[in-house]
2 protein chains.
Amino acid sequence: MTEVAGTARDAATEGSKSQQAYAAVTARIVDGTYPPGHRLVLAAIAHDLGVSVVPVREAIRRLEAEGLVTFQRNVGATVAGIDPTEYLYTMQTLSLVEGAATALSAPLIGVADIARARAVNEEMRACLQHFDPLRFTRLNQEFHAVLFERCPNPHLLDLVHRGWNRLASLRSSTFRFVPGRARASVEEHEGLLRLIEESADADEIERAARSHRSATLDAYLAHAHDTHP
Amino acid sequence: MTEVAGTARDAATEGSKSQQAYAAVTARIVDGTYPPGHRLVLAAIAHDLGVSVVPVREAIRRLEAEGLVTFQRNVGATVAGIDPTEYLYTMQTLSLVEGAATALSAPLIGVADIARARAVNEEMRACLQHFDPLRFTRLNQEFHAVLFERCPNPHLLDLVHRGWNRLASLRSSTFRFVPGRARASVEEHEGLLRLIEESADADEIERAARSHRSATLDAYLAHAHDTHP
DNA sequence: GAGTACGAAATCGTATACGAAGGGTAGGCA
DNA sequence: TGCCTACCCTTCGTATACGATTTCGTACTC
């Protein structure tokens, strides 16, 4: 079946069924088909993907290791929720690793990268008018990806990706709750680009990138505190 | 054997077979039964542990996610090696996350913790006389564990544990190669304790903890460069 | 003598099957 | 009427079995 229908299908058809299952489930979590709290039943997913439960099981375990799903023995897996505490920890960790990754990749960033990042940021600025949180968040990720993707330390880069993945599961980004943060964010992006352009000290870049993210977290916390005192 | 003899056996018998397999394989990697480069054959391990290949497979995948083993499709898993580059990346990442974890846990560290850490450090100081790299390394881990273990951010703490685990796979620690680093390390430990005692700024503690580890890395790199120019 | 091609052994990947543990519901008893 | 218990159903956990893929050894040819 796999060969017949999907010949040179798409990137998802690559490799083992486990990988396919992983890709498929991840996509569904990120795009919201499986909302937070949704129960992931192995047999159902397996049937859905046209494979056996074994590869699905492996995929779920991998997702568990990455924190996108929680797992309970003999009970099953559920899509990890948007627990505010969880959010805090994830953002805190991400600020740390992304800050470092950005600093490490800064010396390797060329003019083309800078231009691309700036273009994305300008798009974000334009987006401020008729504000669309989802679009803004997507652009935000794209912007930062340009900045950290050249990080030479693969472990660190992997941690950054995991952090973003976890955040992706709550699609209704921070900016939905705290739209006021969006404008400041765009300005800080420009400042970050300047630092990289002028080959600033690694420490300085790391601090800037880290506090940029921390500020978003703080804005969210302040908002959450106002809403649920 | 597992069911008949071991009723409330021991901690290793807890939970699923997958967890048992994970614990067993991890232990063998850390204690050197499976040296770096050793090929992990599923069927052999399964037979050895008295279980089927499925749980073993899951355990291996988990170890892969943690970086203790490398995996190749349709080929198998091998215990991850001591590639100097890998070491650099791991230490770099560890310095980052451990520094942050130490800073975050500092306010939660009580006098008892300080006393224990200091006792361990004194033991390390005594150990400097008839130097034993393995013992020194074990004490070193114990010392740092006291300092970061109270970190309230579980993700971050998990990353620190993973980092240490990966380093544990190369038991012949840095201090074997660079014994001169040991004395400086003990002194820096004392400085770190002082900072925590006097409730220093979080940034300051983070910087101190990070550069402590970075210094160890640098010492190793300098040594490696001397040896293999 | 070296390189290549073919075949066999080893090992992984996945499917299917069965036993076990949890949760929900219905029925009975206080 | 409310709570407790027993049963059943759903879903997971593991074993076994078979097909797929890779690798190593050997023989043949240039």
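Sequence lines set the chain letters: A, B, ... in the order given, protein chains first and strands last, and positions in each chain run from 1. The basis for the numbers below is simple: all heavy atoms, side chains too, and nothing from hydrogens, waters or symmetry mates.
Atom CZ in B/R61 sits about 12 Å away from atom P in C/dC12, given to the nearest Å. With rounding to whole Å, B/L40 atom CG is found 19 Å from C/dA10 atom P. Atom pair A/E64:CD and D/dG13:P shows a separation of 10 Å (rounding to whole Å applied). We find that CG of A/N74 is positioned 14 Å from P of D/dT11, with the value rounded to whole Å.
If A/Q72 and B/Q72 are placed on DNA chain C by their nearest nucleotide, the residue sitting closer to the 5' end is B/Q72.
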Might you list the N or O atoms of the protein lying below 3.5 Å from N or O atoms in nucleotides 14-19 of chain D, with each pair's distance?
from   : atom 1 : to    : atom 2 : distance (Å)
D/dT14 : OP1    : B/K17 : N      : 2.4
D/dT14 : OP2    : B/S18 : OG     : 3.1
D/dA15 : OP1    : B/S52 : N      : 3.3
D/dA15 : OP2    : B/S52 : N      : 2.6

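Looking at B/H155 and A/R166, their side chains do bring a donor and an acceptor atom within 3.5 Å of each other. A donor and an acceptor atom, one from each side chain of A/T26 and A/N165, are nowhere located under 3.5 Å apart.
Cation-pi check for B/R61 over B/F71 is met; the charged atom lies under 6.0 angstrom from the ring centroid and within 45 degrees of its normal.
Between A/C151 atom SG and A/H161 atom NE2 the span is 9.5 Å, to the nearest 0.5 Å.
No contact: B/I60 has no heavy atom under 4.0 Å from any strand.
For the pair B/S105 (side chain) and B/E149 (backbone), a donor-acceptor distance under 3.5 Å is absent.
Every residue two or more places apart in sequence or in another chain that forms a side chain to side chain contact (heavy atoms under 4.5 Å, CB included) with B/A46 is listed here: B/V53, B/V56.
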